[in-house]
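Following: one structure in structure tokens, then a few remarks.
Naming convention: chains lettered A, B, ... in sequence-line order (proteins, then strands); numbering from 1 in each chain. As the structure is a prediction and not an experimental result, all values here were calculated from the model.
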Amino acid sequence: MSVRLRFAPSPTGYLHIGGARTALFSWMFVKRHGGQFILRIEDTDQKRFVEGAVEEIMASMRWLGLDWDEGPDIGGPYGPYVQTERAALYQEWANWLVDNGRAYKCFATAEELAEMRVELEAKGDRSGYDRRYRDMDAAQVAELEAQGKPYVIRYKMPLDGVTVVEDLIRGEVVFENSQFTDAVLMKSTGLPTYHLAHVVDDHFMEITHITRGDEWLSSAPLHFQLWQAFGWERPLYAHMPVILNPSGKGKLSKRTQSFQDGQWQVLVKVDEYEEQGYIPVAVNNFIANVGWSSGDDLEIFTPEEIIPRFDLADVNSAPTSLPYAKLDWINGQHIQQMDDVELAKALKPFLEAAGYEVNVEALLIVMPSMKVRLKRLTDAEEFLQFLFSDDAAIELTADQLVHNQLPADAARNGYEQALAFVQTTDTFDLDTISTTLMSIGESVTTTGKAGPFLGKLRLAMTGQNVSPPVFESMLALGRERTAARLKQVVGLFA
RNA sequence: GCCCUGUUCGUCUAGCGGCCCAGGACGCGGCCCUCUCAAGGCCGAAACACGAGUUCGAGUCUCGUACGGGGCACCA
């Protein structure tokens, strides 16, 4: 049977980095087995529904490259893929459970429940419900119903015995049934809780594998009970370990936006990674390394590269925090692997956002030397300032353009020669520029080494202490602008 | 409080009884290269939570302790 696995976010916010990891692992597993990846929206909590959240989540998944085969936007043979549109189905099966003695109607009001909670807690019981409607006789139930009293449907949890949860990641986990009270399956609003809805949906959507956060493990016995009560074949479950804050204290998923934790700027929404200049393949790489390892020493990879070796069973069951210290490095490694055009294209929106008018041709010249320098796409703004600023805007003094191996006279001589070269040369390409300037440099310094001259020349051309190498920088500026800047420099020595 | 679960360098991890006086990566320190900054190369410091067992032999199995995490909603 082919693998059918669903990713089922709630539209209560944006795609969280922890959710992205669950989605990535799920997606890779599906790809590995040539199955279908299904996107389903679990919106049964109308109180927490956030307008636009579904679109945001899908946009983030697309950005990461996690495409789905069936979903609310593209449909599919098992739709609809939004739970509120399937309400009748849940109602039908909740009633089936009642009719078959596996669930019952509970008429407890909010006040009644509040009282119960206080009483039970006094006894150290935090279940919040004492099962008072579990064994009410049929006539009484009918009467309350006839009075129009609102009710919920609760599952009749076995009072004793044990439920064994089988999990792909943790193996068998045994729970005492007496630990649980009778969970609500249908709310009084007529919508189901997650517990009922996911089981019904996963059955009718013919889901074979369920991946979800570890926070669900505690309610998994209820879910296993439901599969058994319905007599349906149960899919395989995999509970992903939670992601912790970098400090190791508390789970990250409680956070809804970036924050500072110790020395780390922690990004939690997927689109925050995009804004900060991280690229999708790097973000995937970053989260794939948390709770999972390639098994050998492979650290830098694309999702496609590791699909053949990915297995849910290899996911580590221990909770972990994201290694933020690695994020910039991973991103830099992937930037190095981009080709020039691709990188330039990725950089353009960031440079434009900084107010620069981007000349793609000039940008391409400097791409090879930028690749090894960029950690994030946002770094380009500072590095390439010289390329987009006015020639006249560079403010330097002669003092800054001399060196103890390059006294003022020699410096001036060198800059004049460079200017003459730029103005008269037939070919203005990287090769000619570098050989010519190299030899000028060697002839003017006291040690005969071009280094000090080239360093100062670079400063003169860019006005930046940190910048791309001088030859590429000049070529990117072009002949005109290079000459203009050199003239200014020579002028400083007058 | 009760239930579940986890614990290897600062961090992410490899390890599934002998191959481990524990390997990789980031970060950190040093050196080399070098027109700055990077990148790259080389070197270095740095860990099996603790205690009992089982075994010829334990990071690897068992139990306990400590600490961490998750759950105990008409939220997902």
Side-chain angles (χ1 to χ4, degrees), chain A residues 8-12 42-45 47-48 106 108 110 113 117 121 123-129 150-154 165 170 173-176 178-181 183-189 191-195 197-198 212-221 239 241-242 244 246 248-251 263-264 286 289-300 316-330 332-333 336 369-375 379 382-383 403 437-438 441 449-459 462 464-471 473:
Chain A
S10 297
T12 54
E42 311 217 316
D43 59 344
T44 54
D45 184 2
K47 276 176 289 199
R48 296 201 307 162
C106 166
L113 249 13
R117 182 173 312 278
E121 268 180 29
K123 293 188 287 187
D125 178 346
R126 290 176 52 164
S127 69
Y129 181 63
Y151 62 86
V152 301
I153 293 178
R154 307 185 91 117
V165 170
R170 332 184 88 99
V173 185
V174 181
F175 293 84
E176 297 279 342
S178 60
Q179 286 301 316
F180 302 91
T181 189
V184 173
L185 263 22
M186 286 296 280
K187 310 177 203 175
S188 54
T189 58
L191 281 175
T193 57
Y194 168 87
H195 306 113
H198 98 268
R212 43 151 58 160
D214 183 60
E215 62 268 27
W216 289 107
L217 187 62
S218 298
S219 51
H239 290 92
V242 293
L244 272 24
K249 300 281 179 190
K251 63 171 178 172
Q263 63 174 308
W264 303 112
F286 176 60
N289 263 148
V290 178
W292 181 84
S293 152
S294 62
D296 55 26
D297 297 332
L298 188 66
E299 300 272 349
I300 297 297
N316 215 121
S317 56
T320 57
S321 45
L322 292 169
Y324 279 92
K326 280 187 176 185
L327 181 54
D328 279 4
W329 174 74
I330 291 172
Q333 291 291 310
Q336 283 192 52
S369 59
M370 288 306 288
K371 258 185 232 177
V372 293
R373 273 162 252 263
L374 295 176
K375 297 291 194 199
D379 293 341
E382 208 181 323
F383 269 116
H403 184 274
L437 291 177
M438 193 71 87
K449 296 203 170 165
F453 173 69
L454 295 175
K456 290 302 173 184
L457 182 62
R458 191 185 53 75
L459 177 62
T462 65
Q464 298 172 203
N465 286 320
V466 173
S467 81
V470 67
F471 306 140
S473 296

Item to check | Separation between the P atoms of B/G6 and B/U13, rounded to whole Å | outcome: 15 Å
Next on the checklist: Rounding to an integer number of angstrom, what distance separates B/G69 and B/A52 when you compare their C1' atoms?
Outcome noted: 26 Å
Item to check | Rounded distance (Å) that lies between atom C1' of B/A73 and atom CZ of A/Phe180 | outcome: 15 Å
Checklist entry - Roughly how far apart, to the nearest Å, are B/A14 and B/C48 at atom C1'? => result 12 Å
Next on the checklist: Can you check the distance between B/A47 and B/A38, where both ends of the measurement are the P atom (answer in whole Å)?
Outcome noted: 28 Å
Next on the checklist: Under 4.0 Å from OP1 or OP2 of B/C75: is there any side-chain N or O of A/Thr12 that close?
Outcome noted: no
Checklist entry - What distance, rounded to whole Å, do you find between the two P atoms, one in B/C19 and one in B/G59? => result 10 Å
Quick test: give all pairs of protein nitrogen or oxygen and nucleotides 4-8 of chain B nitrogen or oxygen below 3.5 Å, distance rounded to 0.1 Å.
{"residue": "B/U5", "atom": "O2'", "partner": "A/Arg170", "partner atom": "NH2", "Å": "2.6"}

Next on the checklist: With rounding to the nearest 0.5 angstrom, report the CD to CD distance, A/Gln333 to A/Glu299.
Outcome noted: 10.0 Å
Next on the checklist: Measuring to OP1 and OP2 of B/G40, would you say a side-chain N or O of A/Lys371 lies under 4.0 angstrom away?
Outcome noted: no
Checklist entry - When every nucleotide of nucleotides 23-39 of chain B is labelled 5' to 3' by its protein contacts under 4.0 Å (heavy atoms), B for base, S for sugar-phosphate only, - for none, what sequence of letters results? => result -BBSS-------BBBBS
Next on the checklist: Whether the side chain of A/Arg48 engages the backbone of A/Pro11 through a donor-acceptor N/O pair (distance < 3.5 Å, no angle test) should be reported.
Outcome noted: no
Checklist entry - In whole Å, what separates the C1' atom of B/G70 from that of B/U11? => result 22 Å
Item to check | Euclidean distance, atom NZ of residue A/Lys251 to atom C1' of B/C75 [Å, nearest integer] | outcome: 11 Å
Item to check | Touch class at under 4.0 angstrom, heavy-atom based, for A/Ala108 against every strand present | outcome: base
Checklist outcome for this item: Here the gap from A/Phe175 atom CZ to A/Phe180 atom CZ, rounded to the nearest 0.5 Å, amounts to 5.5 Å
Checklist entry - Within the structure shown, what part of the strands sits under 4.0 Å from A/Leu459 by heavy-atom distance: base, sugar-phosphate, or nothing? => result nothing
Checklist entry - Touch check for A/Ser219, heavy atoms < 4.0 angstrom, all strands: base, sugar-phosphate only, or nothing? => result nothing
Checklist entry - Base, sugar-phosphate alone, or nothing: which one does A/Gly291 contact when heavy atoms must sit under 4.0 Å apart? => result sugar-phosphate
Next on the checklist: Assuming nearest nucleotide by heavy-atom distance, tell me which of A/Thr189 and A/Val290 is located more 5' along RNA chain B.
Outcome noted: A/Val290
Item to check | N/O (side chain, A/Ser321) to phosphate O (OP1/OP2, B/U11) under 4.0 Å | outcome: no
Checklist entry - Within the side chain of A/Ser188, is there an N or O that forms a donor-acceptor pair under 3.5 Å with the backbone of A/Val152? => result no
Next on the checklist: Any base atoms under 4.0 Å from A/Trp216, or only sugar-phosphate, or nothing? Heavy atoms, all strands.
Outcome noted: base
